[in-house]
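All remarks here apply to the structure that follows.
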Number of protein chains: 2
Amino acid sequence: MEKYSRQRQEILDFLIESYDHPTAEEIYAEVKKRGSTASKGTVYRNLNFLSEKGIIEKISMLNGADRYDYKKTPHNHVICSKCNKVFDFEYNFNLKRLRKSILEQTEIEDFSDYVIVQGICKKCLKN
Amino acid sequence: MEKYSRQRQEILDFLIESYDHPTAEEIYAEVKKRGSTASKGTVYRNLNFLSEKGIIEKISMLNGADRYDYKKTPHNHVICSKCNKVFDFEYNFNLKRLRKSILEQTEIEDFSDYVIVQGICKKCLKN
DNA sequence: ACAAAAATAGGAATAATTCCTATTTAGAAA
DNA sequence: TTTCTAAATAGGAATTATTCCTATTTTTGT
């Protein structure tokens with residue numbers, strides 16, 4: 001039986017209304033600004049908790065801090081490997097075939113129905 | 001004109017014959033064991049150099065240190081989010097359609113022709 | 001061989017995240 | 001509605017991962 005503490009709810013609430021994949025540091029700063037008593041340890045603990053529950057998604061970055069995203073609807077991510085900006089995109093994979101390939105070729109049993117692609121954004125390409 | 005120093009070559013050589021996506025720390029330990037004089041700074045610098053050149057791939061992890069992979073042939077990765085093990089798999093995406101979706105929906109201009117999927121492996125699923 | 005550019009070693013510094021301990025809180029049950 | 005206890009928290013120390021710094025060395029082109 002989970003205890004949904006005030007702090008956990010504040011963190012989740014902020015993620016629900018966020019659309020820009022904030023880092024733990026940004027989440028910490030924002031909930032503090034809104035009056036939360038949450039410590040940094042609490043923020044990290046809850047982000048891990050919520051992402052293990054599958055309520056939010058932890059997005060690993062090529063460089064820099066991880067980012068977090070509330071799972072509104074299933075969507076994919078493409079990440080600029082220069083500036084670390086994360087973009088959402090929708091795409092219908094042939095999940096049945098993807099599932100088959102992964103099951104046949106790896107030891108992975110259970111997996112996400114979205115993918116991560118690495119790229120470079122327009123702005124960074126100019127420089 | 002790049003200078004392929006002895007250290008850079010040692011690091012690359014090790015990655016070429018590796019099939020288990022080692023971390024920077026593991027690469028450092030192994031080349032040292034083989035007699036390289038490379039410092040940790042040199043290992044990191046060269047891993048970044050090689051991955052910017054597209055010769056190797058830096059794989060961002062959900063938790064723990066990044067991993068590196070020599071690009072033998074294009075292949076996708078599926079990562080166990082519990083134990084961090086990385087598996088390769090081959091899969092033919094409809095790259096034309098994927099490209100179109102990403103270009104239409106995001107600011108990303110140029111991107112990899114492989115994807116990363118998150119999952120849980122058999123072993124971790126048992127526990 | 002010489003100069004210039006690039007790369008290195010080694011360690012300090014920074015960034016990101018986890019861990020620790022004493023205290024507080026949420027929720028169940030009486 | 002008080003009490004009990006597992007779960008959660010605050011705050012900071014510790015750890016991990018990575019980058020940065022500077023003096024020295026090496027590589028490559030001429």
Side-chain angles (χ1 to χ4, degrees), chain A residues 1-15 21-53 55-69 79 81-86, chain B residues 1-15 21-53 55-69 79 81-86:
Chain A
M1 37 237 64
E2 269 100 46
K3 299 188 178 175
Y4 253 71
S5 68
R6 195 179 67 257
Q7 291 87 338
R8 175 169 299 163
Q9 195 60 57
E10 287 162 350
I11 290 163
L12 179 55
D13 283 349
F14 172 56
L15 270 177
H21 319 90
T23 61
E25 195 66 39
E26 287 163 354
I27 294 163
Y28 171 70
E30 184 57 28
V31 297
K32 283 300 247 191
K33 203 166 109 191
R34 297 182 181 188
S36 177
T37 65
S39 68
K40 210 171 275 192
T42 296
V43 170
Y44 275 102
R45 189 164 14 76
N46 277 302
L47 291 173
N48 283 333
F49 174 91
L50 292 167
S51 92
E52 279 190 15
K53 293 286 176 208
I55 296 163
I56 66 174
E57 187 195 351
K58 184 194 246 189
I59 309 168
S60 272
M61 303 302 297
L62 218 61
N63 43 318
D66 292 346
R67 292 172 176 279
Y68 297 87
D69 194 21
I79 302 171
S81 38
K82 288 278 181 209
C83 69
N84 280 343
K85 199 156 189 228
V86 179
Chain B
M1 37 238 61
E2 268 101 47
K3 303 189 175 171
Y4 255 69
S5 68
R6 196 178 65 258
Q7 292 87 339
R8 177 171 297 164
Q9 194 60 57
E10 288 162 349
I11 290 162
L12 180 55
D13 283 348
F14 172 56
L15 270 177
H21 319 91
T23 62
E25 195 66 38
E26 287 163 354
I27 294 164
Y28 171 69
E30 184 56 29
V31 297
K32 283 300 246 191
K33 203 166 109 189
R34 296 181 180 190
S36 176
T37 64
S39 67
K40 211 171 275 192
T42 295
V43 169
Y44 274 102
R45 188 164 15 73
N46 277 301
L47 290 174
N48 283 334
F49 174 91
L50 293 167
S51 92
E52 279 190 14
K53 294 288 175 204
I55 297 163
I56 65 173
E57 186 196 349
K58 186 193 246 190
I59 310 167
S60 273
M61 302 303 297
L62 219 61
N63 44 316
D66 291 346
R67 292 173 176 277
Y68 297 87
D69 195 20
I79 301 172
S81 39
K82 288 279 181 205
C83 68
N84 280 344
K85 199 156 188 228
V86 179

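Not measured: the values here are computed from a predicted model. Each chain gets a letter, A, B and so on, in the order the sequences are listed, and its residues count up from 1.
- Each of A:Asn46, A:Asn48, A:Leu15 was checked for a side-chain contact (heavy atoms from CB on, under 4.5 Å) with A:Ile56, and the lone residue meeting it is A:Leu15.
- Smallest separation of non-hydrogen atoms from B:Leu62 and B:Ser81: CD2-CB, 3.1 Å.
- Rounding to whole angstrom units, CZ of residue A:Phe49 and P of D:dA6 are separated by 18 Å.
- Heavy atoms of other residues, nucleotides or ligands lying less than 6.0 angstrom from NZ of A:Lys82 number 12 at most.
- Residues A:Leu12 and A:Tyr4 have side chains in contact (heavy-atom distance under 4.5 Å, counting atoms from C-beta outward).
- Inter-residue side-chain proximity for A:Arg67 and A:Glu57 is flagged as unmet; no heavy-atom pair is nearer than 4.5 Å.
- Between D:dT9 and A:Ser5, a contact under 4.0 Å exists linking OP1 or OP2 to a side-chain N or O.
- Taking atom CD on B:Glu52 and atom P on D:dT19, their separation rounds to 10 Å, with Å as the unit.
- With no hydrogens or angles considered, no side-chain donor-acceptor pair links A:Gln7 and A:Thr42 at under 3.5 Å.
- In this structure, A:Arg6 CZ and A:Ser36 OG are separated by 6.5 Å, a value rounded to the nearest 0.5 Å.
- Distances from the side chain of B:Ser39 to the nucleotides C:dT17, C:dG10, D:dA8 place C:dG10 closest.
- DNA chain D lies under 4.0 Å from at least one heavy atom of each of the following residues of residues 40-48 of chain A: A:Thr42, A:Arg45, A:Asn46.
- Contact record, A:Val43 with A:Ala24: CG1-O, 3.8 Å, taken as the closest heavy-atom pair.
- DNA chain D lies under 4.0 Å from at least one heavy atom of each of the following residues of residues 21-38 of chain A: A:Thr37, A:Ala38.
- End-to-end axis angle of the helix from C:dA1-D:dT30 to C:dA30-D:dT1, using five pairs per end and rounding to 10°, comes to 50°.
- At least one side-chain heavy atom of B:Ile79 sits less than 4.5 Å from a side-chain heavy atom of B:Met61.
- If you take CG of B:Asn84 and P of C:dT18, they are 11 Å apart, rounded to a whole angstrom.
- A cation-pi arrangement, defined by a distance under 6.0 Å to the six-membered ring centre and an angle within 45 degrees of its axis, is present between B:Arg8 and B:Phe49.
- Side-chain contact between B:Pro22 and B:Phe14 is present, with at least one heavy-atom pair separated by less than 4.5 Å.
- Heavy-atom distances to DNA chain C give each of A:Arg6 and A:Tyr68 a nearest nucleotide, and the one nearer the 5′ end belongs to A:Tyr68.
- B:Arg8 has its CZ atom 13 Å from the C1' atom of C:dA5, to the nearest Å.
- Whole-Å rounding puts the B:Met61 CE to C:dT17 P distance at 14 Å.
- Within the 4.5 Å cutoff, no side-chain heavy atoms of A:Glu10 are placed close to those of A:Lys32.
- One can place CG of B:Asp66 at 17 Å from P of C:dA15, the figure rounded to the nearest angstrom.
- In this structure, A:Gln9 places its CD atom 16 Å from C1' of D:dA7, rounding to the nearest Å.
- The phosphate of D:dA10 (OP1 or OP2) has a side-chain N or O of A:Gln7 nearer than 4.0 angstrom.
- Between the CG atom of A:Leu62 and the C1' atom of D:dT19 there is a distance of 15 Å, given to the nearest Å.
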